[in-house]
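For reference, the structure is listed below as structure tokens.
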Protein chains: 2
Amino acid sequence: MEDVAARVGVSRALVSLVFRDAPGASPRTRERVLRAAEELGYRPDSAARVLASSRSRVLGVVLTVHNPFHADLVEAVYPEAERLGYDILLSAQAPTRHVRAAVEALLGHRCEALLLLGPDTDPAFLRETARRAPVVSVGRRFPGADVETVHTAEAKGVRLAVRHLAGLGHRRITHIDGGTGAGSAERRRGYRDAMRGLGLGDFVRVLRGDHTEESGAAAARLLLAEERLPTAVLAGNDRCALGLLDVLSRAGVRVPEDVSVVGFDDIPVARLSHVDLTTVRQDVPGMAAAAVATAVNRLEDRSSALRETVLAPELVVRGTTAAPREGAREPGR
Amino acid sequence: MEDVAARVGVSRALVSLVFRDAPGASPRTRERVLRAAEELGYRPDSAARVLASSRSRVLGVVLTVHNPFHADLVEAVYPEAERLGYDILLSAQAPTRHVRAAVEALLGHRCEALLLLGPDTDPAFLRETARRAPVVSVGRRFPGADVETVHTAEAKGVRLAVRHLAGLGHRRITHIDGGTGAGSAERRRGYRDAMRGLGLGDFVRVLRGDHTEESGAAAARLLLAEERLPTAVLAGNDRCALGLLDVLSRAGVRVPEDVSVVGFDDIPVARLSHVDLTTVRQDVPGMAAAAVATAVNRLEDRSSALRETVLAPELVVRGTTAAPREGAREPGR
DNA sequence: GCGCTCTACTAGAGCGCTCCAGGGGCCAAG
DNA sequence: CTTGGCCCCTGGAGCGCTCTAGTAGAGCGC
């Protein structure tokens, strides 16, 4: 910085000012400073910057690196953060690496706020973390944990799916739930309510699962071993639906002719032509934008109240749902 | 830090020393400092640390966030880095975000070296980046780009797969390649060589593809439209194999009875019971360890020569390969 | 000419840490 | 009793920036 200043013949402060895009330098000088910096290969040091300004303008994101839905969110977070002048740093949560470790790393690198994607942790830890920095939980609710929340109206999404299926003539609609996965409890409840709301209370059936392909496969094997299949299955998420589809198709069960399948999330694989999964799409750009905006808002106004942003999901009808076969219909219909 | 020092009744320097785990403090004092810090909720500020020491001990990792193989690598990188006392920062590459942006972010945050996972970029950019910091390209070779390289012996992996298939009696073994994907050119060449080496040169057939499920699906549709299927397909990677399997099974083609399928990578989905894909496993822990070690070694000895670490792959035989049906055998066998 | 404002720029004090050059005790050897 | 060495510990100068308070000088109205 000293060198750049010397080369242009101004003070260090002026150079600093130019690099901060702060007012107070003439266009001509600004231009000369920039050129000198270019020539000398000077790039401001973010550590020093952070230290001096006690602001880093960095948001930390904790993701489960194996989760395709998180991948979508991360991708959507970047442009939004950039728009607001923030930088993004990622840290991974994994079976072998607790959220705690990811949070420590991020905070240690001066992230001003944290976006936790479907964090697999306890409210106590979040409450504690929230005292250190604004925390936004994306996709998972933590009542009473003092964190900002951005999530989809899960129940509504499930309702859309159930109505779609019922509208096609399905009654025996089984739900494979997502266990303790993000949003899973809400989806399970939403399913029960939607079924009852349509007078299908007697057909309610929930299979335990989680948000992986494996659990969908397991559910499929369980169903195949029974006397007859349900006419439709509502999976806890797309990955579960994928596992289900795979095992069903290998067993010679045709989708959607023999059984209809609906997922949740609308991850990229679901859109592939050969999968063509009917699913409930979460508003990824909306969630990313809301998460970033919430964090930034909180940063700029510490006293602001906790927000809960709920985004509307959307049913995307593709090729895995159709009317049940005649023979599969309930008698007396 | 001042506060902690005051509370214990020592100097700031002593506190610094304790937190750096540097020798020169008695166990008793060390203990007291740590307790005081705990009570006051003091945590050293990494920005200041970095600034003062002009070392950050942070490695930057650029990954394609949608890539399950990268997810595996990232997970394996953490423990290795921790062992050597380094921190990891992630930045994503995506269709909407060039490697360049990820690299800038990481370097701006004082990463001392960069691990690029199968970077989708040009040698010129890498050469330029390598002048700024040690760069390790994982899974993709860049001859002449002055970067460290860690990759699998792709040709060997393919050879193992081809031999396995040939050993089962297959001759019409088709390869769906990975286009410009990481390692793809080597795999393609390896396939050709292996086929010729087994006297199967006449059966060489390469279908253009890329490293996505979609390309596997497309290849499957193409094959299904032909007079007869090959008896075995060697996909460019697991994702491609997955797309292929999916379309085949929906078309009523049984795997491995009607056609055998082999993937490459051994990503988590491949191991799932319902997929049970025979594949060539890349040594993920080995690659992660080598990548970290190479970066650290380079950091500690700037003058060290560029290394290329080649790891042996391993054939994992699962349920998608078997001997070809009698009828499918070549006449005259 | 004076006082005023406004623009363009500067000096210098931090930000929170590391690290080096010591400085006292204390003990064993001479 | 000295000397040397070792162990613990301290003071203070940076690291590369930001930011506040302030200066110089130009332009303006009266």
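Scope of the values below: all heavy atoms of this structure, side chains included, with no hydrogens, waters or symmetry mates. Here is the naming used below: chain letters follow the sequence lines, and residue numbers restart at 1 for every chain.
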Of the options [options], whose atoms approach the side-chain atoms of [X] most closely?
| X | options | result |
| --- | --- | --- |
| A:Ser11 | C:dA8, C:dA11, D:dA13 | C:dA11 |
| B:Pro44 | D:dC17, C:dC17, C:dT10 | C:dC17 |
| B:Leu51 | D:dC15, D:dA13, C:dC9 | D:dC15 |
| B:Thr29 | D:dC17, D:dC9, C:dC17 | D:dC9 |

Check the distance between [N]'s [atom2] and [X]'s [atom1] and give it to me in whole angstrom.
| X | N | atom1 | atom2 | result |
| --- | --- | --- | --- | --- |
| B:Arg12 | C:dC19 | CZ | C1' | 11 Å |
| B:Met1 | D:dT10 | CE | P | 12 Å |
| A:Arg49 | C:dC17 | CZ | P | 21 Å |
| B:Leu14 | D:dG11 | CG | C1' | 13 Å |
| A:Leu17 | C:dG12 | CG | P | 18 Å |
| B:Asp45 | D:dC15 | CG | C1' | 13 Å |
| B:Glu2 | D:dG11 | CD | P | 10 Å |
| A:Arg28 | C:dA8 | CZ | P | 12 Å |

- Query: Within the structure, does a side-chain N or O atom of A:Ser16 lie under 4.0 Å from either OP1 or OP2 of D:dT18?
  - Reply: yes

- Message: If the cut-off is 4.0 Å, is B:Ser26 near the phosphate of D:dC9, judged by side-chain N/O to OP1 or OP2?
- Response: yes

Contact list (N/O, under 3.5 angstrom) for nucleotides 20-23 of chain C vs protein:
none

Should [X] and [Y] count as an ion pair when the cut-off is N to O under 4.0 Å?
| X | Y | value |
| --- | --- | --- |
| A:Arg298 | A:Glu148 | yes |
| B:Glu104 | B:Arg100 | no |
| A:Glu38 | A:Arg35 | no |
| B:Glu31 | B:Arg28 | no |

- Is there a Watson-Crick or G-U wobble partner for D:dG29 with both distances under 3.5 Å, and which nucleotide is it? C:dC2

- Query: Which nucleotide, in any strand shown, forms a Watson-Crick or G-U wobble pair with D:dC8, with both distances under 3.5 Å?
  - Reply: C:dG23

- Message: Base of C:dT18, side chain of B:Arg55 - is there a donor-acceptor contact under 3.5 Å?
- Response: no

Check: [X]/[Y] side-chain N/O donor and acceptor closer than 3.5 Å:
| X | Y | answer |
| --- | --- | --- |
| A:Gln282 | A:His151 | no |
| B:His66 | A:Asp72 | yes |
| B:Asp87 | A:His109 | yes |
| A:Arg140 | A:Thr149 | no |

- Closest-nucleotide 5' rank along DNA chain D - winner of B:Ala52 and B:Pro27: B:Pro27

- Query: Which is true for B:Val50 with a 4.0 Å heavy-atom rule: it touches a base, it touches only sugar-phosphate, or it touches nothing?
  - Reply: nothing

